[in-house]
Protein chains: 2
Amino acid sequence: MNARSDGKDVTARLREAIVSGHFQPSERLIEVELAGLLATNRTNVRTALAQLEQEGLVVREANRGARVRLVSHEDAIEITQVRGALEAFVAGLAAARARPQDHRRLRALVEAMREAVEAGDLIAYSKINGSLHAEILRIAQHRTAAKLLANLNSQVVRFQYRSILLPGRSRRSLAEHEEIVAAICAADVEAAERNMGAHLRAAAEALRQVIEASKTAIV
Amino acid sequence: MNARSDGKDVTARLREAIVSGHFQPSERLIEVELAGLLATNRTNVRTALAQLEQEGLVVREANRGARVRLVSHEDAIEITQVRGALEAFVAGLAAARARPQDHRRLRALVEAMREAVEAGDLIAYSKINGSLHAEILRIAQHRTAAKLLANLNSQVVRFQYRSILLPGRSRRSLAEHEEIVAAICAADVEAAERNMGAHLRAAAEALRQVIEASKTAIV
DNA sequence: CGCCTTGACATTGTCAACAATCATTTCGAC
DNA sequence: GTCGAAATGATTGTTGACAATGTCAAGGCG
């Protein structure tokens, strides 16, 4: 009957709800509530929670239920570092695989980034940033890396917007992306790896600064 | 009552059973059978299967049950590549973090590897190889990378032994490990990354060769 | 006043029965 | 003999009830 509401994968919908911020970190995830919310039964919620735990979005304690995983600052940095290693590899692949058509798309995205920065629209910048990384991932055609990166990203989306707020970070980030795209368009595998690696090291460093700043600010 | 048999995490035991080869790739995993085998109920088996699917060890089709994931040759190469990116990063970390005590352990492991190669004992070699990589991972102290690598490894253990059988591969592999350990002991981060990266590119290449050989051999 | 025990409530964990689906076999028509 | 349709069996999917556990508040005791 209501194949519509229940047909979609419960895990996917719960994941989306967590990633989109519908639930706060450390918020309790009560099985019957979720079942009601997602128009399904406890069993499905239960397996969804088990999967999302494996995925690092949810934490479960025996007999004490599930919570949205609170990603600590250290975790966020670790995740960004690992992303860096993977994305550098992926950028290298993209440099080897990209066709002229791909080059055009990448350049268009960088151009849009530049406009966003000049307009001071950091939210738009953040979005395009995501699109650019996604495009590079698409060009690389590497399922294993793609899955892992999607996973890692879902764990740190909450942190994404923060580091770009650092004064001067957006301009430097733009410059880094320009170099990455230039390397890919030049089919220079090693430069692409190097530039992407440098970019995510810089991103991790920016994240660390923001975190340190917030720590001292709170105390 | 039988807290012993059921107490342990069902997912962990099923994972172990799959990784250790107790079940063959593509072998059907029937819920009631597993429940009997693991001395538990269908519910627990069900959630275990859901988690292992997320982990990439199991494939499930709606209404058609679960099977051990058959990792294709392409998958195996992809996984080895991604491992390479991660392990290179981890080796760099290890180079930065390793203490003299760690250096001793690493050198001892390489020494054991050398002996295994000279004795022609490739099974022992394979084991020590695993220990060495695990030791480097321990030194690096990076939970996120450690978890991902554990995951990836469990997907390709079945392929591990094959590539080392290539004529001359074991000696070269030994040399590569010596260089990696030398770089870590010299606290040379970049050399450690570079050497580990090269090592796993070589491993991926060896794997590719073995696969090509087996393809033509079968046809 | 603080601390421990007790009990009620909320939530998760386990189980068995039933429904739905898929694979296989049987049977009849041509 | 071959094709297709219906019956059969095996397996997964779903549901509800119950047990086990944890949480919290109230009350008694030192």
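Here is how names work: the chains are called A, B, and so on, in the same order as the sequence lines, proteins then strands, and each is numbered from 1.
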*Check whether the side chain of A:R42 and the base of C:dG13 form a donor-acceptor pair under 3.5 Å.*
yes

*Specify the separation, in whole Å, of atom CD of B:E31 and atom C1' of D:dT14.*
12 Å

*asked:* Using the rule given for side-chain contact (heavy atoms from CB on, under 4.5 Å), can you reason through B:I180 versus B:I184, listing the C-alpha separation, both sets of side-chain angles and the distance that settles it, and then say yes or no?
replied: CA-CA 6 Å; B:I180 292 166; B:I184 293 177; 4.0 Å; yes

*Of A:E78, A:R83, A:E87, A:K147, which meets side chain to side chain contact (heavy atoms under 4.5 Å, CB included) against A:L152?*
A:R83

_In whole Å, I'd like the distance from the CZ atom of A:R60 to the C1' atom of D:dG22._
16 Å

*What's the closest nucleotide to the B:R64 side chain, out of D:dT14, C:dG13, C:dA23?*
C:dA23

_Atom pair distance, as rounded to whole Å: CD1 in A:I30 and C1' in D:dT23_ = 12 Å

*asked:* Without decimals, in angstroms, what is the distance between A:R28 CZ and D:dG22 P?
replied: 13 Å

*Who passes side chain to side chain contact (heavy atoms under 4.5 Å, CB included) against A:L29, sequence neighbours left out?*
A:I18, A:F23, A:L34, A:L49, A:V58, A:A66, A:V68

*Nearest-nucleotide pick for A:N63, side chain only, options being D:dT21, D:dG13, C:dT14*: D:dT21

*Separation of C:dA23 C1' from B:R67 CZ (nearest whole Å)*: 12 Å

Below 3.5 Å, can you tabulate the donor-acceptor pairs from side chains in residues 202-213 of chain A to any protein atom, sequence neighbours excluded?
none

